[in-house]
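In what follows, chains carry the letters A, B, and so on, assigned in the order in which the sequence lines appear, proteins first and then strands, with residues in each chain numbered from 1. Just so it is clear, the structure is predicted and the values come from calculations on it, not from any experiment.
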Protein chains: 2
Amino acid sequence: MYKSKPEVVAAFREHGLRCTPRRYAVLDYLARHPVHATADEIFQAVNRTDPRTSRATVYNSLHALAEAGLVREVHLEGKSVRFDAIIERHHHFVCEQCGSVEDIAWFDVPRLSRHAQLGARLIRDYEMILRGTCEVCSSKLS
Amino acid sequence: MYKSKPEVVAAFREHGLRCTPRRYAVLDYLARHPVHATADEIFQAVNRTDPRTSRATVYNSLHALAEAGLVREVHLEGKSVRFDAIIERHHHFVCEQCGSVEDIAWFDVPRLSRHAQLGARLIRDYEMILRGTCEVCSSKLS
DNA sequence: TTTTGTGCAAAAGGTTTGCATACGA
DNA sequence: TCGTATGCAAACCTTTTGCACAAAA
């Protein structure tokens, strides 16, 4: 969810991260555009606002944010990694028509739970990937 | 599951694909090594057997096989796409220690089904990604 | 014979790295 | 001030492409 600037600064601190303008811009963009942007989309947006911003810094910021747990990497079809500022547990939906990715509110899979075992494996977490046709695309089809 | 050569040839035919030695080698490698190899790992293996094999052909073969539905792309953490010769529905488990990927036998998520609706979205299919510690790594930890 | 697959090498696209400089705490 | 973030450019790695040649149907 979207956090106020002081909250974000506090979150940075908590994770031993300096709150720099670029990092803030990256996180802010992600929080305000929950569409699972790629690094390049984030770079384009942040660079538009502050043209001095470089690609490398966007990548650095994303890694720092990810390591601090303020942002999540999302690996799905397509060549580039996507990023998500929503770090609470949730599932993902991928539209096979337009490629958009949406968050799906969390629901438990009864058979599983965190810290469950599956065979000799230890489950730390799980998520679902749903694929199909998004609202916009299904309205276009009809 | 592993198919005999005539079965594979038939499967190729069915999808309008010529059965060439490279394609066969790629599919055969994947079927015999169900560890979700990357294109490069497949290239290394196939090239070891037949040193004339090029990277480009491995990529071409993988795309042809994927398009024909004989192979699946698996997108997970890491820079490269992984491939899976098991095309039946199943889930995936990723070991956060060693990065290995294992198939998990299919089970339904009661709340969902193919062709279900979730909001205004049409679900065509779904899968689970489980993350944790694999058998080998958890035995090393204890 | 005709169509399509293959190898090679070069290019592309996304991401990482090295280094000098600028900036936050 | 000190340590680290930043910009730039070059490097890297995976994947794609163009083209001449070879092989499958």
Do A:Phe12 and A:Leu65 come close enough that some side-chain heavy atom pair is under 4.5 Å? yes
By a strict heavy-atom criterion of less than 4.0 Å, which residues belonging to residues 34-52 of chain A are in contact with DNA chain C? A:Ala39, A:Arg52
Answer yes or no: does a side-chain N or O of B:Thr20 lie under 4.0 Å from OP1 or OP2 of D:dA23? no
B:Leu17 has an atom CG; how far is it from atom P of D:dA24, in whole Å? 15 Å
Search all heavy atoms of A:Arg131 against all heavy atoms of A:Glu96 and return the closest pair with its distance. CB-OE2, 3.7 Å
Other ILVMFWY residues reachable from A:Val101 by side-chain steps of under 4.5 Å: A:Val74, A:Leu76, A:Val94, A:Ile129, B:Val74, B:Leu76, B:Val94, B:Val101, B:Ile129
Less than 4.0 angstrom between a side-chain N/O of B:Tyr59 and OP1 or OP2 of D:dT16, yes or no? no
Would you check if there is a donor-acceptor pair between the side chains of A:His92 and A:Glu127 at a distance under 3.5 Å? yes
Gap between atoms CZ and C1', on B:Arg18 and D:dA25 respectively (whole Å): 6 Å
Here's a test of your reading of the structure: between B:Ala56 and A:Thr57, which maps to the more 5' nucleotide of DNA chain D? A:Thr57
In whole angstroms, the gap separating P of D:dT6 from CG of A:Leu62 amounts to 11 Å
Do A:Tyr24 and A:Val46 sit in one hydrophobic cluster, given that two such residues count as connected whenever their side-chain heavy atoms are within less than 4.5 Å of each other, even indirectly? yes
Tell me which of B:Arg22 and A:Asn60 sits closer to the 5' end of DNA chain C, going by the nucleotide each one is nearest to. B:Arg22
Results of ring pair (Phe, Tyr, Trp, His ring centres under 6.0 Å) for B:His75 - residues two or more places apart only: none
B:Glu41 bridged to B:Arg82 by N-O distance under 4.0 Å: no
Counting only side-chain nitrogens and oxygens, does A:Ser54 get under 4.0 Å of the OP1 or OP2 atom of D:dC8? no
Quick one: is B:His63 getting a side-chain N or O under 4.0 Å of the D:dT15 phosphate, OP1 or OP2? no
Between which nucleotides of DNA chain C, 5' to 3', does chain B make heavy-atom contacts below 4.0 Å? C:dT3 to C:dC8
Any pair counted as ring-ring contact (aromatic ring centres under 6.0 Å, His included), so long as it reaches residues 116-135 of chain B, sequence neighbours left out: B:Trp106-B:Tyr126
Do the non-hydrogen side-chain atoms of B:Arg121 and A:Thr133 ever get within less than 4.5 Å of each other? no
Return yes when atom CZ of B:Arg89 has more than 12 non-hydrogen atoms of other residues, nucleotides or ligands closer than 6.0 Å, and no otherwise. yes
More than 12 heavy atoms of other residues, nucleotides or ligands under 6.0 Å from CD of B:Glu77: yes or no? yes
For DNA chain D, find the residues of residues 64-76 of chain B with a heavy-atom distance under 4.0 Å and give them by number; none if there aren't any. none
